[in-house]
Colleague: 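Submitted below is the structure of interest, expressed as C-alpha cells.
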Amino acid sequence: MISFKNKLVLITGASSGIGKAITLQLAKEGAKILIAGKNEDNLHIVKNECLKHTSFCESICFDLLNPSEVSAAASEILSKYGPIYLLINNGGISQRSLAIETPIEIDRKIMEIDFFSYVILTKAFIPSMIEQKEGYIAATSSLSGKFGFHLRSSYSAAKHAIQGYFETLRMELKEYGISVTVAYPGSINTSISINAIEKDGKPHGIMDPAQSNGMSAEECAKHYIKAIKKGRAEVLIGGKEIIMFHLRRFFPKLFFKIIGKIKST
Ligand SMILES: NC(=O)c1ccc[n+]([C@@H]2O[C@H](COP(=O)([O-])OP(=O)(O)OC[C@H]3O[C@@H](n4cnc5c(N)ncnc54)[C@H](OP(=O)(O)O)[C@@H]3O)[C@@H](O)[C@H]2O)c1
C-alpha cells in the first residue's frame with residue numbers, strides 16, 4: 001500500500017465536492033498538498049481547513065477551460081515546488097442539455113474542461129515523474145464514462161475519452177514506475193448538477209435527486225484514495241446505481257430497455 005506522508009500531491013477541482021473531500025483526507029495522511037480550482041474564496045477555505053491537518057498546503061487558481069492557463073499553472077508549480085508525486089485530475093463540469101440543441105461551442109467547452117485539461121496537466125508532469133522513477137496519475141471519469149446518458153452527450157463523451165486515454169497511459173508508463181487509476185463515481189452528493197451547464201452555457205442551478213440521495217463526497221474520497229493506494233486500474237464508486245454498469249456489460253438489451261425508461265434530470 002502506498003503512503004502519502006510527505007508526498008507532494010496536486011488535486012484539481014479541490015475547491016468543492018469530491019476534490020475537497022480527497023484533499024482533506026490526504027491532508028490527514030500527512031501529504032503535502034497543492035489544491036487547484038477556479039473559485040479563489042473556496043480554495044482559501046479548503047486551504048485553511050487543510051492546514052489544520054498537514055504542514056504544507058498551497059492553492060493555485062486557474063481555469064481548466066483555458067489551455068494556456070493550464071500549461072502556465074503546471075510550469076509555475078514545477079518551478080516553485082519541484083516534481084509532484086501524485087496528480088489527481090478531478091475538476092470538471094457536467095451537462096444538462098439535449099445533444100441536438102447544444103451548440104458546438106458548448107460541446108467543445110465541456111471537452112476542454114473535462115478532458116483536454118487533464119491531458120495538458122498530465123503531459124506537463126510526466127517528464128519529471130519519469131526522471132524521479134516514481135509518480136501517480138489519477139483521473140475522475142464517471143458512470144457516464146461507461147455508458148451514455150440522457151442530457152449528457154458531451155459530458156459522457158469526455159468521460160469516455162478519459163477511460164481511453166488514461167488506460168493507455170497506464171500501459172505506457174508502467175515501465176517507468178508510474179501508475180494510473182481512473183475513478184468512475186456514480187451519484188455523489190455534491191454540487192455537480194447545480195454547476196452543470198445547459199445549452200446556453202448557463203448553470204443548471206438544480207440539485208438533482210440522484211445527487212442529493214447519493215453517496216457522500218467523504219465516502220467517495222475514501223474509496224478513491226483506497227484504489228490509488230492499491231494501484232488499481234479502475235474503481236467504480238457509488239450506491240445501487242453501479243448495477244447499471246454491470247447490466248450494460250452483461251445484459252446490454254435489458255440495459256437499453258431500462259435506461260430508456262429512466263426519467264432524466
Ligand atoms: N458528483 C457526482 O455525482 C459525480 C459523478 C461522476 C463524476 N463526477 C466528477 O467528479 C469531479 C468532481 O465533481 P464534484 O462532484 O465534486 O462537483 P463540484 O462540487 O461541482 O466540483 C467541481 C470542481 O471542479 C472545478 N472546476 C469546474 N470547472 C472548472 C474550471 N473551468 N476551471 C477550474 N476548475 C473547475 C470546480 O472549481 P470551482 O468551483 O473553483 O470553479 C470544483 O472544484 C468532476 O470531474 C465530475 O465530473 C461527479
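Counting starts at 1 for both ligands and their atoms, in listed order. Computed from a predicted structure; not experimentally measured.
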Colleague: Rounded to the nearest 0.5 Å, how far does NZ of K5 lie from CG of L26?
Modeller: 12.5 Å

Colleague: May I ask you to list the atoms of ligand 1 that are less than 4.0 angstrom from any heavy atom of G17?
Modeller: 16 (O), 19 (O)

Colleague: Is there a donor-acceptor contact under 3.5 Å from the side chain of Y118 to the main chain of G91?
Modeller: yes

Colleague: If you round to the nearest 0.5 Å, how far is OG of S15 from NZ of K20?
Modeller: 9.0 Å

Colleague: Check for me whether the distance between the ring centres of F256 and F251 falls short of 6.0 Å.
Modeller: no

Colleague: How far is atom 37 (O) of ligand 1 from the closest protein heavy atom, and which atom is that?
Modeller: S15 OG, 3.0 Å

Colleague: Can you find a heavy atom in the side chain of V235 that is under 4.5 Å from one in the side chain of Y184?
Modeller: no

Colleague: Can S141 be said to touch ligand 1, with heavy atoms closer than 4.0 Å?
Modeller: yes

Colleague: Counting only heavy atoms, tell me which of I237, L64, I110, N89 gets closest to atom 34 (N) of ligand 1.
Modeller: L64

Colleague: Purely on distance, is any nitrogen or oxygen of I18 under 3.5 Å from one on ligand 1?
Modeller: yes

Colleague: Does an N or O from G186, backbone or side chain, lie closer than 3.5 Å to an N or O of ligand 1?
Modeller: yes

Colleague: I'd like to check whether S187 has a polar contact with ligand 1, where a contact means an N/O of the residue lying under 3.5 Å from an N/O of the ligand.
Modeller: no

Colleague: Could you name the option among G92, S94, A221, S59 that has the heavy atom nearest to atom 24 (O) of ligand 1?
Modeller: G92

Colleague: Should the pair K133 and Y176 be classed as cation-pi, given the thresholds of under 6.0 Å to the six-membered ring centre and 45° from the axis?
Modeller: no

Colleague: Using heavy atoms and a threshold below 4.0 Å, how should the contact between Y224 and ligand 1 be classified: side chain, backbone, both, or neither?
Modeller: neither

Colleague: To which protein heavy atom is atom 19 (O) of ligand 1 closest, and what is the distance rounded to 0.1 Å?
Modeller: S16 OG, 2.8 Å

Colleague: At less than 4.0 angstrom from any non-hydrogen atom of S142, what atoms of ligand 1 do you find?
Modeller: 6 (C), 7 (C)

Colleague: Out of curiosity, is Y184 lining ligand 1, as in a heavy atom under 4.0 Å away?
Modeller: no

Colleague: Does N42, backbone or side chain, put an N or O under 3.5 Å from an N or O of ligand 1?
Modeller: no

Colleague: side-chain contact (heavy atoms from CB on, under 4.5 Å) with L10: which of I88, L87, N89?
Modeller: L87

Colleague: Run the numbers for me: atoms of ligand 1, each under 4.0 Å from some heavy atom of F62, listed by number.
Modeller: 32 (N), 33 (C)

Colleague: So, is I93 polar-close to ligand 1, with some N/O to N/O distance under 3.5 Å?
Modeller: no

Colleague: Given E112, R152, K38, K109, which one has a non-hydrogen atom that is nearest to atom 29 (C) of ligand 1?
Modeller: K38

Colleague: So is there a nitrogen or oxygen of K159 less than 3.5 Å from a nitrogen or oxygen in ligand 1?
Modeller: yes

Colleague: Quick one: does G19 get an N or O within less than 3.5 Å of an N or O on ligand 1?
Modeller: no

Colleague: Which of the atoms of ligand 1 are close to Y118, meaning less than 4.0 Å from one of its heavy atoms?
Modeller: 45 (O)

Colleague: Could you tell me whether S117 approaches ligand 1 through its side chain, its backbone, both or neither, with non-hydrogen atoms closer than 4.0 Å?
Modeller: neither

Colleague: Going from CD1 on I33 to CD1 on I11, what distance comes out if it is rounded to the nearest 0.5 angstrom?
Modeller: 4.5 Å

Colleague: Does any N/O atom on T140 come nearer than 3.5 Å to any N/O atom on ligand 1?
Modeller: no

Colleague: Suppose I only count heavy atoms of Q211 and a 4.0 Å limit; which atoms of ligand 1 are within that range?
Modeller: 2 (C), 3 (O)

Colleague: N/O to N/O below 3.5 Å, does that happen between G37 and ligand 1?
Modeller: no

Colleague: Can you tell me if G145 contacts ligand 1 (heavy atom of the residue under 4.0 Å from the ligand)?
Modeller: no

Colleague: Could you measure the distance from the CE atom of M207 to the CD1 atom of I192? Nearest 0.5 Å is fine.
Modeller: 10.5 Å

Colleague: Does any N or O in the side chain of K38 come within less than 3.5 Å of the main-chain N or O of G13, such that one atom is a donor and the other an acceptor?
Modeller: no

Colleague: Quick check on contacts: which atoms of ligand 1 are under 4.0 angstrom from a heavy atom of I192?
Modeller: 1 (N), 2 (C), 3 (O), 13 (O), 15 (O), 17 (O), 20 (O), 46 (C), 47 (O)

Colleague: Which protein heavy atom lies closest to atom 31 (N) of ligand 1, and at what distance to 0.1 Å?
Modeller: D63 OD1, 2.8 Å

Colleague: Checking a contact table here: which protein heavy atom is nearest atom 8 (N) of ligand 1, and how many Å away?
Modeller: Y155 OH, 3.6 Å

Colleague: Among all protein non-hydrogen atoms, which one is nearest to atom 45 (O) of ligand 1, and what is the separation to 0.1 Å?
Modeller: N90 O, 2.8 Å

Colleague: At less than 4.0 angstrom from any non-hydrogen atom of I113, what atoms of ligand 1 do you find?
Modeller: 31 (N)

Colleague: Do E58 and K47 have side chains that approach each other closer than 4.5 Å (heavy atoms only, starting at C-beta)?
Modeller: yes

Colleague: Report yes or no: does N90 contribute a side-chain atom to a donor-acceptor pair with the main-chain N or O of T12 at less than 3.5 Å?
Modeller: yes

Colleague: How long is the gap from NZ on K159 to OG on S94, to the nearest 0.5 Å?
Modeller: 8.0 Å

Colleague: Please determine which of V46, I22, V9 meets the side-chain contact (heavy atoms from CB on, under 4.5 Å) test together with I35.
Modeller: V46

Colleague: Look at atom 14 (P) of ligand 1 and find which of I162, L143, T190 reaches it with the closest heavy atom.
Modeller: T190

Colleague: Any non-hydrogen side-chain atom of Y165 less than 4.5 Å from a side-chain atom of F115?
Modeller: yes

Colleague: So is G214 in contact with ligand 1, going by heavy-atom distances below 4.0 Å?
Modeller: no

Colleague: If the cut-off is 4.0 Å to any non-hydrogen atom of G13, which atoms of ligand 1 fall inside it?
Modeller: 23 (C), 24 (O), 25 (C), 42 (C), 43 (O)

Colleague: Are there more than 12 heavy atoms of other residues, nucleotides or ligands under 6.0 Å from atom NZ of K7?
Modeller: yes

Colleague: So do the side chains of E219 and H223 get within less than 4.5 Å of each other, counting heavy atoms only?
Modeller: yes

Colleague: Side chain of Q95, backbone of S153: donor and acceptor closer than 3.5 Å?
Modeller: yes

Colleague: Side chain, backbone, both or neither: which applies to N195 and ligand 1 if a contact is any heavy-atom pair less than 4.0 Å apart?
Modeller: side chain

Colleague: Is the shortest N/O to N/O distance between P185 and ligand 1 below 3.5 Å?
Modeller: no

Colleague: Spell out, as yes or no, whether a donor-acceptor pair under 3.5 Å connects the side chain of E241 to the backbone of S187.
Modeller: yes

